[in-house]
Amino acid sequence: MMVSRALGLICFFAFSEICSYGQHPPVKPVVSLTPAFVEAGSPVLIVISLPNAKSVSGEWLGHKIEFFQRGEKWVALAGVDVEAPVGPSTLLVSAQLDDGGPHDLRKTVEIHPAHYRTGKLTVPPKFVEPGPEEQKEIAADAEVKKAVFASSVDEPLWHGGFRAPVSSPSTDSFGTRRMFNGKLASIHKGMDFRAPMGAVVRASNSGVVVLAQHLYYEGNCVIIDHGLGLYTLSMHFSHIDVHEGQRVVAGDKLGLSGATGRVTGPHLHWAVRWEGAYLDPGKLLKLNLNAIR
Ligand SMILES: [Zn+2]
């Protein structure tokens with residue numbers, strides 16, 4: 001009696017898998033998000049167990065996601081822009097299975113509001129109402145940045161967790177809505193470190209330097225491409241020690257902190273950009289990526 005019931009259950013599951021997947025082997029993907037509680041501005045590590053896939057891609061909030069394989073898992077370091085709408089969102093994943101069949105997944109992810117502050121700053125007037133010459137420079141900078149962000153290395157260059165770029169303390173200023181001289185409102189899309197003039201700024205993870213030059217607002221700026229659309233940006237250097245095309249690993253010296261560009265004083269502005277979305281650097285530093293190497 002017990003044996004025949006057990007056999008019946010085995011047959012039922014075998015049948016349901018054949019019905020669901022036809023000739024494909026059974027696929028039971030598990031999608032895990034870290035952190036599980038996703039806020040606007042959160043970087044998110046997505047891990048999918050899908051051992052019989054040969055490629056996996058995705059889309060979330062209008063950003064494409066490129067996954068890479070680690071053992072039997074597919075991994076992506078993605079995120080939610082600081083200005084993303086709160087509420088339910090749909091994470092779409094498309095896999096190409098080894099036997100050629102497609103497999104699509106949908107997961108609803110709730111975006112929770114992050115409570116960012118409002119702040120006021122006073123900077124020289126030329127940074128709030130730039131003249132014609134400055135506007136030309138700003139437009140030229142925009143083209144330079146557009147070209148930099150147009151193509152990212154097609155594999156992950158980062159290894160393990162990200163580390164702070166300077167030893168100076170940071171301020172909890174990501175996402176702050178700022179009024180410059182009471183006129184211009186913008187959202188602060190990075191983290192400020194209280195770095196004095198001349199503090200050594202280091203690479204937070206491995207990657208390739210894709211920009212190392214002076215820009216109007218950013219001052220002396222270094223951008224590192226960590227692959228698959230992920231970049232870190234460091235601004236306001238007094239001196240840059242790297243050149244474009246240079247490969248760096250975590251801890252390599254990028255330059256010295258300073259007060260170039262739109263600043264109220266010496267500090268390091270450090271930003272994290274993924275597929276055009278600006279993510280909270282503080283949350284990236286806390287994200288445990290040690291299992292992903
Ligand atoms: Zn800043």
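Both counts, for ligands and for their atoms, begin at 1 and track the order of listing.
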Exercise. Parallel, tilted or perpendicular: which fits the ring planes of F162 and H226, with parallel below 30° and perpendicular above 60°?
Worked result: perpendicular
For this session: Please work out whether the ring planes of H269 and H236 are parallel, tilted or perpendicular, with thresholds of 30° and 60°.
Result: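 Ring orientation of H269 relative to H236: perpendicular.
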For this session: Supply the atom-to-atom distance L285 CG to S170 OG, rounded to the nearest 0.5 angstrom.
Result: 8.0 Å
Exercise. Which heavy-atom pair separates S206 from L157 by the least distance, and what is that distance?
Worked result: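 Shortest heavy-atom contact: OG-O, 2.6 Å.
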Seminar exercise, completed: Shortest non-hydrogen pair, S173 vs H188, comes out as O-ND1, 3.0 Å
Exercise. Any cation-pi pair here, R262 with Y216, using under 6.0 Å and within 45°?
Worked result: no
For this session: Sort by chain and number the protein N/O/S atoms found under 2.8 Å from the Zn ion (ligand 1).
Result: H188 NE2, D192 OD1, H269 ND1
